[in-house]
Structures are given as C-alpha cells and as structure tokens.
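In each ligand, atom 1 is the first atom listed, and ligand 1 is the first ligand listed. Residue indices begin at 1 and follow the sequence shown.
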Amino acid sequence: MAAAPSLELIARDNSILRRVRERFPTYWSDFREDPRWLLMFIFGRTSIGGRLHKRGHVDRQVDELPLHSNFTADRSSVVSGLLKDGIFDNLTLPVHVRDAILCFANTTGCFGNHDRNHDLLPSEQTARQDPDNLITSGHYFERVEDCPEVMAIQSDQLLHAVARDYLGPNAQVISTRLWWSFSTAISGHVNDTNPTEMLHFDLDDWRMLKFFFYLTPVDAGSGPHLYMRGTHRHHALKHQLSLTVGRPMDEVISTYGGDNLMRIYGAAGSGFAEDPFGFHAGSLASATDRLMLEIGFGITPPNRRRFFGERVLAAP
Ligand SMILES: O=C(O)CCC(=O)C(=O)O
C-alpha cells in the first residue's frame with residue numbers, strides 16, 4: 001500500500017495551494033473541535049493579537065519551589081536565554097534516560113509519514129526507501145506513553161518551572177512527541193544543501209514553549225534544527241499578515257539577518273528550549289536518521305490528537 005505523502009517534503013513544496021490542501025483537513029478538524037481555535041489561528045500571528053490576548057491574562061510570576069530534576073541547567077539562565085533570543089541550547093539528558101528512550105524507539109513500531117497504515121520498525125529500511133513512496137518520518141503518537149523515561153521528562157520539575165516562569169501560571173504540557181526523521185540519502189532524493197528549506201512558526205496556542213532533545217547525534221547530515229534568533233518577539237508585517245506560517249529560508253534570512261540563523265548540532269542526549277513563535281525548522285536528514293523528543297507547553301488544553309502530533313491526512 002502506498003504511504004501517505006511525506007509532510008516533510010510537502011512543507012518544502014513551493015506551491016502554497018498544495019501546502020494548504022494537505023494541511024486543511026487538520027485545520028478543519030481543529031476548528032470543529034473548538035471554534036475558538038480559529039481566533040487564535042488568525043490573530044495569534046499578529047503582534048497586536050498576541051499583546052491583546054496576553055493583557056487579559058495573568059503575567060509571568062516566578063515561584064521559588066525547590067526542584068527535583070533530571071537536568072543540571074540553571075532555571076533562571078534558561079528563562080533569560082528564552083526571553084532574549086527565543087532559545088536556550090544547553091540542556092542534557094541523563095545518559096540512562098537517553099539510552100532507554102533510544103532503546104524504546106528502536107524496538108517499537110512507529111507510523112511512517114504520520115500514516116497509521118504504515119506501522120514500521122525504524123530498522124525496516126526497505127519499507128521506506130522506495131523513491132516513489134518515500135517515508136521521511138516515523139512518529140510514535142500515543143505509544144510514547146509506554147516509555148517511562150519519556151514520561152519522567154514530561155513531568156520534570158525544571159521543565160515545568162521554566163514553563164511557568166516563561167508562560168505564566170497556566171503553563172501546561174500540550175504536546176509530547178517522539179519521532180524519527182529518516183534519512184533521504186538512501187533513495188538519493190535530496191542533497192544536503194537543501195535550497196528548498198522552509199522555516200515556519202508554530203500556531204498551536206497563543207503562547208508556547210518547546211523542549212527538544214536529540215536522541216541520536218546530529219550534524220549537518222542528520223537534519224539539524226534551525227532557529228532564527230530573536231523572531232520570537234516580533235515578526236515583520238508581511239509575516240503577520242500572511243496566511244501561511246512557512247516562508248522560504250532566503251526570505252527569512254533577508255528579513256531577519258543570516259547572523260541570527262542558528263543550526264543546532266549536538267551529541268545524542270543534547271537538548272534545547274525554544275519559543276516556537278520564532279521561525280524554525282527541522283531540516284531534511286540527508287545522510288543519517290535523527291530521533292527527536294519534544295515536550296511542548298502552552299496555556300490552553302490541547303486535544304489528544306494534537307498532543308501526540310497527529311495530523312489529519314488529506315484523502316488520497
Ligand atoms: O524537526 C524539527 O527539528 C522541528 C520540529 C518543528 O518544526 C516543530 O515541532 O514545530
């Protein structure tokens with residue numbers, strides 16, 4: 001059976017119509033579940049909308065509870081990095097946690113290209129290397145709950161304290177995702193210069209914070225995460241008024257400056273905290289597979305599907 005089209009490749013399609021067509025079923029489902037979603041989706045991208053929404057809510061407050069955490073990072077340094085640059089990139093998972101999550105991922109089936117009909121083990125290379133049926137991602141969705149070490153990170157006190165400091169007292173976990181970015185090199189599909197790279201900002205909630213952890217080493221060939229420093233605070237008017245959240249890399253660079261573009265490489269177990277309202281992207285893994293864990297915080301309860309990063313796929 002053909003797999004659903006790869007969203008990683010669709011995101012790089014230069015036809016806005018095709019990109020919108022693929023995303024529309026997810027947007028429609030979000031709207032039907034909670035029509036207030038549309039308000040956030042339209043106004044959350046504008047500076048004025050964000051400011052007005054924040055004004056009606058309690059401001060940041062720092063509580064001083066002692067923390068028991070998996071991390072040694074200093075809470076106020078993480079928050080200062082987020083406030084200043086939109087990113088703090090010096091978190092490290094304990095080795096036993098990193099190894100246990102990697103072992104879980106290697107021995108548990110994931111869903112290729114978000115498609116529940118494509119349940120595969122990451123080692124099943126042949127299931128994903130057909131160039132006409134390329135599988136570029138493998139998501140675990142709710143299966144991630146079967147991994148106790150992921151659950152421990154999801155409830156880690158430092159992550160929760162940083163989220164409260166940054167987002168306010170309503171901060172809550174709104175996503176827990178574990179997924180592979182499969183290397184496209186096996187099919188020779190994409191080279192590693194990726195001129196088609198797109199950056200986007202997230203609009204899943206009015207305000208958000210994400211913690212990302214690499215479970216495999218990430219270099220230029222394994223899909224490094226990209227982040228445009230400083231864009232968490234303000235977007236150019238053309239990006240506030242645009243219907244789409246994704247913009248070509250060269251346009252984002254010319255608007256916000258190439259010096260601000262970070263490519264995040266790191267050892268297995270390294271992690272970073274990020275305000276995803278800033279422009280960011282996972283670049284395509286051109287040579288080696290990447291396994292990523294995301295714990296996302298927001299201020300509004302999400303639905304279960306969104307929590308695990310599941311999309312509603314367009315009919316074939
Ligand atoms: O895969 C990545 O590095 C980025 C994921 C991403 O863009 C997101 O969670 O919004």
Side-chain angles (χ1 to χ4, degrees), residues 6-12 19 22-23 26-27 30 41 44-45 86-89 91 105 110 113-114 122 135-141 144 150 154 159 163 173-184 190 192 194 196-205 207-229 231-232 235 244-249 252 261-266 268 270-298 302 305-311:
S6 154
L7 289 169
E8 287 70 25
L9 298 180
I10 288 165
R12 290 161 176 86
R19 295 204 316 260
E22 287 305 322
R23 298 219 169 95
T26 302
Y27 292 159
D30 286 346
F41 191 70
R45 67 189 68 213
I87 188 157
F88 173 89
D89 73 340
L91 295 172
C110 58
N113 290 354
H114 288 87
I135 294 185
T136 56
S137 67
H139 288 253
Y140 289 89
F141 298 150
V144 74
V150 169
Q154 188 202 65
L159 304 196
V173 179
I174 64 163
S175 66
T176 299
R177 301 198 295 147
L178 180 67
W179 78 98
W180 289 97
S181 299
F182 291 134
S183 151
T184 49
V190 170
D192 57 2
N194 285 339
T196 56
E197 211 59 82
M198 301 277 286
L199 279 84
H200 67 273
F201 55 95
D202 291 353
L203 264 185
D204 297 336
D205 201 347
R207 276 175 286 138
M208 294 172 68
L209 168 63
K210 285 184 171 180
F211 294 91
F212 289 107
F213 300 96
Y214 292 151
L215 282 315
T216 46
V218 173
D219 61 14
S222 9
H225 187 85
L226 312 176
Y227 191 76
M228 185 55 92
R229 224 185 330 238
T231 51
H232 63 305
H235 291 176
T244 58
V245 294
R247 310 302 303 180
M249 162 110 90
V252 178
L261 184 65
M262 296 172 67
R263 285 170 194 277
I264 302 174
Y265 306 127
S270 60
F272 47 98
E274 163 182 311
D275 181 336
F277 190 64
F279 278 92
H280 65 278
S283 50
L284 275 181
S286 56
T288 43
D289 298 344
R290 184 194 76 173
L291 179 67
M292 177 81 116
L293 172 67
E294 168 197 309
I295 308 291
F297 287 82
R305 176 181 53 73
R306 270 222 178 257
F307 192 89
F308 296 113
E310 185 162 4
R311 318 272 175 109

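- Taking the ring pair (Phe, Tyr, Trp, His ring centres under 6.0 Å) definition, one finds that His232 meets it with nothing, sequence neighbours left out.
- Within the 3.5 Å criterion, the main-chain N or O of Ser283 finds no donor-acceptor partner in the side chain of His225.
- Note on Asp30 versus Arg305: salt bridge recorded, some NZ/NE/NH1/NH2 to OD/OE distance being below 4.0 Å.
- Among residues two or more places apart in sequence or in another chain, the salt bridge (Lys or Arg N to Asp or Glu O under 4.0 Å) test is passed with Arg177 by Glu294.
- In this structure, the ring of Phe272 has its center less than 6.0 angstrom from the ring center of Tyr214.
- For Asp89, the salt bridge (Lys or Arg N to Asp or Glu O under 4.0 Å) criterion is met by no residue, not counting sequence neighbours.
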Starting from the N and O atoms of ligand 1, find every protein N or O within less than 3.5 Å and list the pair with its distance.
from: ligand 1; atom 1: 1 (O); to: Arg290; atom 2: NH2; distance (Å): 2.6
from: ligand 1; atom 1: 3 (O); to: His225; atom 2: ND1; distance (Å): 2.7
from: ligand 1; atom 1: 3 (O); to: Arg290; atom 2: NH1; distance (Å): 3.0
from: ligand 1; atom 1: 3 (O); to: Arg290; atom 2: NH2; distance (Å): 3.3
from: ligand 1; atom 1: 7 (O); to: His200; atom 2: NE2; distance (Å): 3.1
from: ligand 1; atom 1: 7 (O); to: His280; atom 2: NE2; distance (Å): 3.4
from: ligand 1; atom 1: 9 (O); to: Arg177; atom 2: NH2; distance (Å): 2.8
from: ligand 1; atom 1: 9 (O); to: Lys210; atom 2: NZ; distance (Å): 3.0
from: ligand 1; atom 1: 9 (O); to: Glu294; atom 2: OE1; distance (Å): 3.1
from: ligand 1; atom 1: 10 (O); to: His200; atom 2: NE2; distance (Å): 3.3
from: ligand 1; atom 1: 10 (O); to: Asp202; atom 2: OD1; distance (Å): 3.1
from: ligand 1; atom 1: 10 (O); to: Asp202; atom 2: OD2; distance (Å): 3.2
from: ligand 1; atom 1: 10 (O); to: Lys210; atom 2: NZ; distance (Å): 3.3
from: ligand 1; atom 1: 10 (O); to: His280; atom 2: NE2; distance (Å): 3.0

